[in-house]
Amino acid sequence: MSTLHVLSHSPFGDDRLTSCLRVIGANDALLLSGDAVYALQPGTAPFSALNTRGLTLFVLAEDVQARSIATPDWAKAIDYPAFVDLSIHYDKVNSWL
């Protein structure tokens with residue numbers, strides 16, 4: 001069963017990203033939204049953790065643009081309609097509240 005994991009909290013305020021990365025499966029994907037996109041700041045521990053995992057990573061384009069963060073080549077920026085499509089594509093959606 002595939003899962004779309006959705007994170008919206010900054011990786012510098014708690015350990016939701018670390019917990020997510022411990023349980024994410026090979027058929028799963030991760031979507032960063034809101035302050036979670038700060039994980040894409042080069043040179044940080046969250047950036048390194050995401051980069052070395054080789055997982056399927058999506059980011060909401062609106063949120064990286066609002067925070068002036070570049071989307072790395074190994075992540076795909078999407079809009080809200082694409083987010084809805086992803087929610088339908090995966091068997092379940094897990095929001096890390």
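This one's a predicted model, so the numbers in the text were calculated from it and none came from an experiment.
- A donor-acceptor contact closer than 3.5 angstrom links the side chains of S19 and R22.
- Taking hydrophobic clusters as Ile, Leu, Val, Met, Phe, Trp and Tyr residues chained together by side-chain heavy-atom distances below 4.5 Å, I69 does not share a cluster with V6.
- Closest approach of W74 to N51, counting heavy atoms only: NE1-OD1, 3.1 Å.
- Side-chain contact check for T56 versus K76: every heavy-atom pair is 4.5 Å or farther apart.
- For the pair L55/D28, no side-chain contact is recorded, criterion being any heavy-atom separation below 4.5 Å from C-beta on.
- Taking hydrophobic clusters as Ile, Leu, Val, Met, Phe, Trp and Tyr residues chained together by side-chain heavy-atom distances below 4.5 Å, Y38 shares a cluster with V59.
- Considering only heavy atoms from C-beta on, F83 stays 4.5 Å or farther from S33 through its side chain.
- A39 approaches T44 most closely through the heavy-atom pair O-OG1, 4.0 Å.
- The minimum heavy-atom distance between D63 and G34, with the atom names listed, is OD2-N, 2.7 Å.
- Residues I88 and F58 do not share a hydrophobic cluster, defined by chaining ILVMFWY side chains whose heavy atoms lie under 4.5 Å apart.
- In this structure, L57 and L40 have side chains that are in contact, with non-hydrogen atoms separated by less than 4.5 Å.
- At least one donor-acceptor pair closer than 3.5 Å links the side chain of R53 to the backbone N or O of L21.
- In this structure the side chain of L30 reaches within 4.5 angstrom of the side chain of L50, judged on heavy atoms.
- Under a hydrophobic-cluster definition in which Ile, Leu, Val, Met, Phe, Trp and Tyr are linked whenever side-chain heavy atoms come within less than 4.5 Å, directly or via other members, F12 and L17 are assigned to the same cluster.
- Under a hydrophobic-cluster definition in which Ile, Leu, Val, Met, Phe, Trp and Tyr are linked whenever side-chain heavy atoms come within less than 4.5 Å, directly or via other members, I78 and L4 are assigned to the same cluster.
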Could you tabulate the donor-acceptor pairs under 3.5 Å formed by side-chain atoms of residues 89-97, not counting sequence neighbours?
residue : atom : partner : partner atom : Å
D91     : OD2  : S2      : N            : 2.8
D91     : OD2  : S2      : OG           : 3.3
W96     : NE1  : H5      : ND1          : 3.1

